[in-house]
Amino acid sequence: MAVTVKTFASAGEAAGAISSDRSARYLGGGTLVMRALNEGDVSISTVVRASDQTLTRIDASGPRITLGAGVTFARILGERDLAFLHAPARSIGGPAVRNMGTVGGNLFAPNPYGDFTVALLALDATVAVQGGFGARDIAIEEFLQSRERQSGALVLSVSCTRPASAEAFRYRKIARIKPKGGSVITLAAHLPVSGGRIAGARIALGSMAPTQIRAKAAERALEGRTLDAANINAAASAAVEGTSPADNALGSAWYRREIVGVHLRRLLSGQE
């Protein structure tokens, strides 16, 4: 089946092309779309590209950072002001994948991938999209819950607030093959502190449900409390609540449920 490639100068034009054609897919880094085409996905008949430089812009000068959807993980690793995102960026595939893979594409990566999105979910990111309905900002949790319906929209950028300190944001990917392997599970935690107590805890998990999810029971166990051993144990015990992991070649659902609390305890305790 022939595939037509359309390239536009602006993100708006590209968004219009995607929203008007159900068989169109946006090509960013190509790690998802090209794989689908190479595997013979006949649902794609049009590939849309855009040369709009706003899609590859990084604004990391203030307390709130914005990453264009076309920003690659290699570029994030080269930005000193984005040091808090280096661990999740470094956990994405090998060098070749990090040179091509983009922030926007990672939002659509199925399990056991999409690890950078776990970090963005913990950081309460906002996703800017444009489609037939115009442009709007969506909370990343809402975006992920409706991800299948977002295929007709173009992601423009992702923004989030910079953590107040290195201790406030933590990330860990559990994989059998490093650095290229898919995740057995992925964990990220943003733990702002006010008056010596956690205020606004957010814990995100990857490969523990069809999309990345928040561990809300674990968040409740930490909210308004100090990060001591008793509260960490309570959060770890609650981590499995609300999860629905799947079996795949990297691990069984049973195994993921067994280890998620163990790794959350280590993450919160600062253990390797």
Side-chain angles (χ1 to χ4, degrees), residues 25 27-44 72-74 76-77 85-122 140-141 143-148 150-151 170-189 203-215 218 236-267 271-272:
R25 298 289 186 278
L27 179 66
T31 58
L32 296 176
V33 173
M34 289 308 301
R35 177 178 176 177
L37 288 172
N38 289 334
E39 291 178 347
D41 187 343
V42 296
S43 69
I44 305 173
T72 66
F73 302 112
I76 291 172
L77 288 169
L85 290 174
H86 284 184
R90 193 176 293 112
S91 75
I92 307 298
V97 173
R98 292 195 290 272
N99 280 332
M100 297 300 294
T102 64
V103 172
N106 199 261
L107 292 169
F108 296 92
N111 286 328
Y113 308 110
D115 303 307
F116 195 81
T117 299
V118 178
L120 293 175
L121 180 58
I140 189 169
E141 189 173 10
F143 178 91
L144 293 171
Q145 290 171 352
S146 61
R147 187 168 66 178
E148 298 304 318
Q150 304 293 342
S151 58
R170 307 170 187 212
Y171 173 87
R172 180 167 298 180
K173 174 179 175 177
I174 312 303
R176 296 188 184 279
I177 303 173
K178 297 181 179 180
K180 298 181 179 180
S183 67
V184 178
I185 58 171
T186 306
L187 311 95
I203 298 171
L205 304 174
S207 294
M208 289 300 294
T211 66
Q212 300 83 350
I213 58 169
R214 287 172 61 189
S237 298
V240 73
E241 187 174 322
T243 63
S244 55
D247 298 318
N248 62 27
L250 298 171
S252 66
W254 172 86
Y255 180 69
R256 288 183 162 98
R257 290 191 185 96
E258 288 293 310
I259 67 170
V260 66
V262 173
H263 287 288
L264 180 60
R265 182 181 294 108
R266 291 176 179 172
L267 182 75
Q271 301 174 10
E272 293 298 326

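All residue numbers refer to positions in the sequence shown, counting from 1.
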task = Go through L144 and I213 one step at a time and tell me if the side-chain contact (heavy atoms from CB on, under 4.5 Å) criterion holds.
result = CA-CA 8 Å; L144 293 171; I213 58 169; over 6 Å; no
query = Does N106 offer a backbone N or O that forms a donor-acceptor pair with the side chain of T117 under 3.5 Å?
reply = yes
Nearest heavy atoms of I44 and A36, plus distance in Å = CD1-CB, 4.1 Å
Minimum heavy-atom distance P110-L32, with the two atoms named = CD-CD2, 4.2 Å
query = Where the side chain of S183 meets the backbone of P112, is there a donor-acceptor pair that is under 3.5 Å apart?
reply = yes
ask   = Between CG of L205 and OG1 of T186, what distance do you get to the nearest 0.5 Å?
value = 9.0 Å
request  = Examine distances only and state if a side-chain atom of R256 and a backbone atom of V184 form a donor-acceptor pair shorter than 3.5 Å.
outcome  = yes
message = Nearest 0.5 angstrom please: R170 CZ to L187 CG, how far?
response = 12.5 Å
remark   = In short, S244 meets P210 closest at the heavy-atom pair OG-CD, 3.5 Å
query = Does the pair I203 and L267 meet the rule for a side-chain contact (heavy atoms from CB on, under 4.5 Å), with working shown?
reply = CA-CA 11 Å; I203 298 171; L267 182 75; over 6 Å; no
Within-4.5 Å side-chain heavy-atom neighbours: F116 and I76 = yes
query = Do S91 and D115 have side-chain atoms, one donor and one acceptor, less than 3.5 Å apart?
reply = no
Value rounded to 0.5 Å, distance of CG in D247 from OG in S252 = 5.5 Å
query = Looking at side-chain heavy atoms only, is the closest gap between N99 and T72 below 4.5 Å?
reply = no
remark   = On a heavy-atom basis, the closest approach of Y171 and A188 is CD1-CB, 4.0 Å
task = Please test L77 against R90 for side-chain contact (heavy atoms from CB on, under 4.5 Å), starting from the C-alpha separation and ending with a verdict.
result = CA-CA 7 Å; L77 288 169; R90 193 176 293 112; 3.9 Å; yes
task = Keeping the roles fixed (side chain from K173, backbone from G206), state whether a donor-acceptor pair exists under 3.5 Å.
result = no
ask   = Any side-chain heavy atom of T102 within less than 4.5 Å of one from T31?
value = no
key: Shortest non-hydrogen contact from A189 toward A122   = N-CB, 4.1 Å
ask   = For the residue pair R25 and S43, what are the closest heavy atoms and their distance?
value = NH2-OG, 3.8 Å
Give the table of side-chain donor-acceptor pairs shorter than 3.5 Å for residues 257-266, with sequence neighbours excluded, one pair per line with atom names and distance.
unit_1, atom_1, unit_2, atom_2, d
R265, NE, N233, OD1, 2.8

query = Got more than 12 heavy atoms from elsewhere within 6.0 Å of CD, Q271?
reply = yes
task = Could you walk me through whether E141 and L121 pass the side-chain contact (heavy atoms from CB on, under 4.5 Å) test, one step at a time?
result = CA-CA 7 Å; E141 189 173 10; L121 180 58; 4.0 Å; yes
inquiry  = Would F108 and Y113 count as a ring-ring contact (aromatic ring centres under 6.0 Å, His included) here? Give the steps.
reply    = CA-CA 9 Å; F108 296 92; Y113 308 110; over 10 Å; no
request  = Please round to the nearest 0.5 Å and tell me the distance separating atom CG of L27 and atom CE of M34.
outcome  = 7.0 Å
task = Check salt bridge (charged side-chain N to carboxylate O under 4.0 Å, His left out) between E39 and all other residues, then give those that pass, not counting sequence neighbours.
result = R35
